[in-house]
Amino acid sequence: MTVTVPSQRPASADLLIHGGDVLTVDEAGTIVPDGAVAVRDGEIVEVGPAEELRTRYAGAETLDATGCLVLPGLVNAHTHLAMTLLRGRADDVTLQGFLERVIRWESELLSAENVATAIRVAIAESVRAGVTSALDMYWFHEAAERVAREAGWRLHTGPTFMDVPDPADGIAYEDRLAWARRDLASRTPRPGTRPVLFAHSAYTLSPEQLTEIAALAREFGALLHIHAAENATEVATVEVRYGKRPIELLDSLGLLGPDLLLAHTVDLTGAEIAALARTGTSVAHCPVSNLKLGCGIAPVPRMLSAGVTVGLGTDGAVSSNSLDVLRSLGLAALVHKADGDPTAVGAEQAVRMATIEGARALGLDDHLGSLEAGKRADLIVLDLGGPHLAPRHDPWSTLAYAARAEDVRDTLVDGRVLMRGRTLTTLDEGAALTDLAALVSRADLV
C-alpha cells in the first residue's frame, strides 16, 4: 500500500479525518482502508493508516469517518449557479428555445441582490452533494463571490462577455474590457484559485471580440472558458456566419490551448478532437444538460483516447435541473456504453473526471482534485451505510453506479467543515430557501 507522506512531518494538525476508507484519487489510485487525512491551515499534511495518524496527531480535532468513504471534493467544471432562480421554467425545449426564454427572463430579473439570493441556494445544494468547487459563468459575479466567501466555498468565477443588446448587468461590450481588466488587476492570488474570464460563445461574440478577450486572459494568466459545439444548430450558425465550425474558428484565432476550457463539445469531427489534443485544450462534459436539451452525446471516449482532459459539469439548474455532480458522474459512466462498449468510460475514469480531471481542466490539479500532501483540504465523507451501497466491493464502482448526493455526510473546503452530519454549518439553508421563494413569487415571468 502506498500512502502520501510529506518529506518533513509537521508537529501538529488542526483536524484529523479518520476511520474511513480513503480514496486518494492520486495517480496510482491509492486506497487506504481504515485511513486518515491530517489537515493543517487548510492544507493536507499527511494521508495514511488511521492508527498511525491518530498517534502522530493526537492533539488534532477529529472527524470520525468510520463506515464511510473519504474522497476528494467534487469539481463542477461548468455551471451557471444562480440559474436556480429559473429552475423548471424552460424544460422540454431545444437549446435555442431555451436560450430565447432564459436570456429574456434574465434581463428582466437579474440584479446583484437577486444573484446573491439565488447562489445561496445553489451553494447549499452543491455542498449537500459533495461539490467543493465550481466554475461559474454568470452575471454579477462579484455578488456570487461575496456569498461564496461568506460560506467558505470555493468558487471560480469572473467577468462574463456576451455581446447582446441588453446585457443583464447593464455593461455594454464596449466597456466590458476595461471593467474586466480592473477586476483581474484587483485579485489577490490564493491557493486553489486562479483568475477566470468567460466568453459565452462564438455565436454571441465576434472573432475580433473573442481575440480581445483571449488577449486579456493571457495578460493576467487567466483561464478562459467558452461554450463550444453544444449542438448541430450552433455549429451550423457559426459555419454560415464565419465559414468555419466553432472549434475550427477558435483554432484559427489561436485561442485553443492549455488555458482554454470548453463547455459541451458535443458536435466534433475527428480533426477537431485532434486539435484539442494537440493544443492541450480541456473540455467540461455536461451529459445531463446535453441529453435534456436534445443536443446529443459528446464523443468523450474518443476525446479521452486522444489525450484530451475531460472534466464534468452540471451546467445550470435550468438546463439540467440539478447541481449534483454525482448524477453527472453516474451518467458519464453509463451513457457512453450505449454504442455497445461497456468499457467506453469506466467507473474509475468517471470518478477521476469529477475530481482530479476537473481540477486539471481548471489548471488547478497541483492544488485540488486528489488527497495528497500539499494539496488543499477539499474533501467529502460519504456514508456507506445505505442498503443501496451494500456490499462494498469497490469504491470506484460504488461512486459511479450506486452513490447518491444524499449519501454525502460531511463536506470540507480548505479544511473547514461546511457540512457536518448532513447539517450545513456556514450557511442558513432555511433562510436561503425562504428568500428564493419570496423572490420567485415577486417575479412576473411570461
Test His80 against every option in His227, His225, His141 by the ring pair (Phe, Tyr, Trp, His ring centres under 6.0 Å) rule and name the one that passes. His227
Among Arg404, Arg392, Arg422, Arg409, find the one that has a salt bridge (Lys or Arg N to Asp or Glu O under 4.0 Å) with Asp383. Arg422
Walk me through it: do Thr355 and Leu74 pass the test side chain to side chain contact (heavy atoms under 4.5 Å, CB included)? CA-CA 5 Å; Thr355 52; Leu74 306 178; 3.9 Å; yes
Charged N to carboxylate O below 4.0 Å: is that the case for Lys292 and Asp315? no
Pick from Arg40, Arg56, Lys375: which one makes a salt bridge (Lys or Arg N to Asp or Glu O under 4.0 Å) with Glu46? Arg56
Using a 4.5 Å cut-off on heavy atoms from C-beta on, say whether the side chain of Leu81 contacts that of Leu155. yes
Distance from Phe220 atom CZ to Arg194 atom CZ, nearest 0.5 Å? 14.0 Å
Close side-chain approach of Val115 and Leu110, heavy atoms under 4.5 Å: yes
Please report the closest heavy-atom contact between Gly130 and Ile380, naming both atoms and the distance. O-CG2, 3.5 Å
Would a 4.5 Å heavy-atom cut-off, applied to side chains only, mark Val345 and Pro301 as touching? yes
Using 0.5 Å steps for rounding, measure from the CZ atom of Arg327 to the CG atom of Leu312. 13.0 Å
Heavy-atom distance under 4.5 Å between the side chains of Leu418 and Arg154, does that happen here? no
Going by the salt bridge (Lys or Arg N to Asp or Glu O under 4.0 Å) test, name the single residue among Lys244, Arg245, Arg278 that passes it with Asp251. Arg278
Main chain of Pro49, side chain of Glu52: is a donor-acceptor contact present, judged purely on distance under 3.5 Å? no
Salt bridge present between Arg190 and Asp414 (N-O < 4.0 angstrom): no
Report the C-alpha distance between Ser322 and Asp324 in whole Å, list the side-chain angles of each, state the deciding distance to 0.1 Å, and finish with yes or no for side-chain hydrogen bond (donor to acceptor under 3.5 Å, both in side chains). CA-CA 5 Å; Ser322 170; Asp324 180 359; 4.6 Å; no
Heavy-atom pair with the smallest gap, counting every atom of Val70 and Ala65: CG2-CB, 3.8 Å
For the residue pair Val127 and Leu424, establish whether any side-chain heavy-atom pair is separated by less than 4.5 Å. yes
With Leu69 as reference, evaluate Leu389, Asp21, Asp407 under the side-chain contact (heavy atoms from CB on, under 4.5 Å) test and give the passing residue. Asp21
Over all atoms of both residues, closest heavy-atom pair of Arg187 and Gly158: NH2-CA, 3.9 Å
Do Thr24 side-chain atoms and Asp26 backbone N/O form a donor-acceptor pair below 3.5 Å? yes
Thr411 versus Trp153: any side-chain heavy-atom pair under 4.5 Å? no
Charged N to carboxylate O below 4.0 Å: is that the case for Glu348 and Arg352? yes
Looking at side-chain heavy atoms only, is the closest gap between Tyr138 and Thr79 below 4.5 Å? no
Taking Thr314's backbone N and O only, do any of them form a donor-acceptor pair with Ser320's side chain (distance below 3.5 Å, no angle check)? yes
If you round to the nearest 0.5 Å, how far is CG of Leu63 from OG1 of Thr66? 10.0 Å
Which atoms form the tightest heavy-atom contact between Leu329 and Ala354, and what is the distance? CD1-CB, 3.7 Å
Taking Gln209 for the side chain and Ser206 for the main chain, is one N or O donor matched with an acceptor at less than 3.5 Å? yes
Between atom NE2 of His18 and atom OH of Tyr57, what is the distance when rounded to the nearest 0.5 Å? 14.5 Å
So does Glu230 get a backbone contact from the side chain of Glu234, meaning a donor-acceptor N/O pair under 3.5 Å? yes
Test Ile119 against every option in Leu85, Thr84, Asp136, Thr157 by the side-chain contact (heavy atoms from CB on, under 4.5 Å) rule and name the one that passes. Asp136
Regarding Arg128 and Glu125, does a basic nitrogen lie under 4.0 Å from an acidic carboxylate oxygen? no
With side chain to side chain contact (heavy atoms under 4.5 Å, CB included) as the test, would you mind laying out the steps for His156 and Leu364 before giving the verdict? CA-CA 11 Å; His156 313 283; Leu364 291 169; 3.5 Å; yes
Would Tyr173 and Glu212 count as a side-chain hydrogen bond (donor to acceptor under 3.5 Å, both in side chains) if you check the C-alpha gap in whole Å, the side-chain angles of each, and the deciding distance to 0.1 Å? CA-CA 11 Å; Tyr173 179 83; Glu212 289 177 331; 2.7 Å; yes
Please give me the minimum heavy-atom distance between Ala217 and Leu224, naming the atom from each residue. CB-CB, 4.4 Å
Could you walk me through whether Leu331 and Leu291 satisfy the side chain to side chain contact (heavy atoms under 4.5 Å, CB included) test, starting with their C-alpha distance in whole Å, then the side-chain angles of each, then the deciding distance to 0.1 Å, before giving a yes or no? CA-CA 10 Å; Leu331 189 56; Leu291 287 174; 3.6 Å; yes
When you look at Tyr242 and Glu248, which way does the side chain to side chain contact (heavy atoms under 4.5 Å, CB included) test go after all the steps? CA-CA 10 Å; Tyr242 302 116; Glu248 292 175 329; over 6 Å; no
Please answer whether the main-chain N or O of Val147 pairs with a side-chain N or O of Arg120 as donor and acceptor at a distance below 3.5 Å. no
Any donor-acceptor pair under 3.5 Å from Arg416 side chain to Gly42 backbone: no
Side chain Asp410, main chain Gly421, donor-acceptor under 3.5 Å: yes
Minimum heavy-atom separation for Thr426 and Val417, please, with both atom names. CG2-O, 4.2 Å
Parallel, tilted or perpendicular: rings of His264 and His78 (30°, 60°): perpendicular
Heavy-atom side-chain proximity of Ile213 to Ile226 below 4.5 angstrom: no
